[in-house]
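I have placed the structure first, in the form of structure tokens, so that the comments after it can refer back to it.
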Protein chains: 2
Amino acid sequence: MPVDRQLAVLLVRAPEGSLERWTLPWAPAPGTGTSLDELAADVARRAVPIAPGWLEQVGAFADDRRHPGDVALSVGFVGAVPAGTRSSLGEDAAWFPVAELPALAPRHQAIVAAALEAVRHRLDLAPIAFRLLPSSFTLSDLQRVYEILLGRRLHKASFRRALQAASLVQPTGEWRSEGRGRPAQLFRFAPRRRGRRRRGVRFDLLG
Amino acid sequence: MPVDRQLAVLLVRAPEGSLERWTLPWAPAPGTGTSLDELAADVARRAVPIAPGWLEQVGAFADDRRHPGDVALSVGFVGAVPAGTRSSLGEDAAWFPVAELPALAPRHQAIVAAALEAVRHRLDLAPIAFRLLPSSFTLSDLQRVYEILLGRRLHKASFRRALQAASLVQPTGEWRSEGRGRPAQLFRFAPRRRGRRRRGVRFDLLG
DNA sequence: GACCTTAGTATCGCGCGGGTACTAATTCGC
DNA sequence: GCGAATTAGTACCCGCGCGATACTAAGGTC
């Protein structure tokens, strides 16, 4: 979830005697036949009070980088929960901004790195940014999330034009006054599937 | 690899007594600590005479869809080998166009589907199309590969303009006459890293 | 030599993206 | 109270990328 202009990662306190003090939430594999997605949803349910609005696998890791549980193979997942999900977490869990992560087991570091890359790559294929916000939000909120995830500033007018053209949001009619400045209108995520435009090939991202 | 206007998948003959006649090339996991990428490269090396120019993980699969080896968890990989790699394959392996795949174990079907999606999603992040062609190729060849992978026709002039602007290819100076029609100039993949352009957010692919 | 087929280029128009600048509505400081 | 600061939202302009159309080039086939 986003916490003041940064993405934050949920960590849980490691058991006594571990090499690190914090770990990613994880669980050992149960009996055969369980879907990985269900298993990941279980882990998430145990870690945060509300279900993530987006949850996706980022890959399997089995090299010699150490996992806290010393398991041979780990399957990493990323999820998104709305900003403001800090209440009722319990003492054993906390959000850490990605730039200030505590020491993690090497394999967990790799998983976090892969998760961040996955988020960036799937940002325009899945409604990740919307799942990082509460159900009603301002357009400036939304733009801030995109700027956090992309790591660069965006042009306000272009952002809104593109958003409008894709008809992804609906105004709720309510307005929110956030301290100083003009109040902003609240929107909700309400995609009305227009025929998606097919554009040319992008060579400029290659390499 | 591309085979007459379609992508083709390499399958190997299943051992006697299996439920299906063909399977994806696969190997059981060895002892702990082996990198998955090395393992995948090994499997590829055993399956095709030349090393794939691109190889990437597509994810882990552990639901109750059956794997021919009845393993609990499988990690799928995709690779790309140049068109024309059909010689010296041996009798136990063959290329099948994706539209005419024989019956496969359910988990292998899922892996193939995920692999195709991965190819499409990473097409403009990794030089996949170039790895599906021999080291020297015509621009029409390249465009055909992109059209196969994207599943739609592309505009010739736009395609070449964008390619030129990204300075990804160099003319070799040679020309190839392919039956009828004007001979085409041969190019090689020679990316000269220009500063990649940062463009706006795409909302139109979302959903 | 007429015609087909494929390669490659030129020109034009439209729409998108981004820069700049503007208006609108609220809080803060004095 | 009133201006300054701050944030929201819009208007205009310009350049470029994309796609349509049409054209030239160079080889085959009959």
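In what follows, chains carry the letters A, B, and so on, assigned in the order in which the sequence lines appear, proteins first and then strands, with residues in each chain numbered from 1.
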(request) Drop me the distance from Leu133(A)'s CG to Thr138(A)'s OG1, to the nearest 0.5 angstrom. (result) 8.0 Å
Phosphate-side-chain proximity, [X] and [N], N/O vs OP1/OP2 below 4.0 Å:
| X | N | answer |
| --- | --- | --- |
| Ser177(A) | dT26(C) | no |
| Arg160(B) | dG8(C) | yes |
| Ser140(B) | dA7(C) | yes |

Any N/O donor-acceptor pair, [X] side-chain to [N] base, under 3.5 Å:
| X | N | answer |
| --- | --- | --- |
| Arg161(A) | dG18(C) | yes |
| Arg182(B) | dA7(C) | yes |
| Ser158(B) | dG19(D) | yes |

Nearest-angstrom distance from the residue atom [atom1] of [X] to [atom2] of [N]:
| X | N | atom1 | atom2 | value |
| --- | --- | --- | --- | --- |
| Arg202(B) | dG18(C) | CZ | P | 13 Å |
| Leu142(B) | dT6(C) | CG | P | 18 Å |
| Gln164(B) | dC18(D) | CD | P | 13 Å |
| Arg176(A) | dT7(D) | CZ | C1' | 13 Å |
| Gln185(B) | dA26(D) | CD | C1' | 14 Å |
| Leu163(B) | dC18(D) | CG | P | 12 Å |
| Phe137(A) | dG9(D) | CZ | C1' | 16 Å |
| Arg144(A) | dG9(D) | CZ | P | 11 Å |

(request) By nearest nucleotide on DNA chain D, pick out whichever of Arg180(A) and Lys156(A) is the more 5' one. (result) Arg180(A)
(request) Identify, between Asp141(B) and Ala157(B), the residue whose nearest nucleotide on DNA chain C lies closer to the 5' end. (result) Asp141(B)
(message) Both Phe187(B) and Gly200(B) contact DNA chain C. Which one's nearest nucleotide lies toward the 5' end?
(response) Phe187(B)
(message) Check for me whether the distance between the ring centres of Phe96(B) and Trp22(B) falls short of 6.0 Å.
(response) yes
(request) Take the angle between the ring planes of Phe189(A) and Phe130(A) and call it parallel below 30°, perpendicular above 60°, tilted in between. (result) parallel
(request) Give me the ring orientation class for His67(B) and His108(B): parallel if the planes are under 30° apart, tilted from 30 to 60°, perpendicular past 60°. (result) perpendicular
(request) Could you check which of dA26(D), dT7(D), dG28(D) has an atom nearest any side-chain atom of Pro183(B)? (result) dA26(D)
(request) Please indicate whether Arg176(B) has more than 12 foreign heavy atoms, meaning atoms of other residues, nucleotides or ligands, lying under 6.0 Å from its CZ. (result) yes
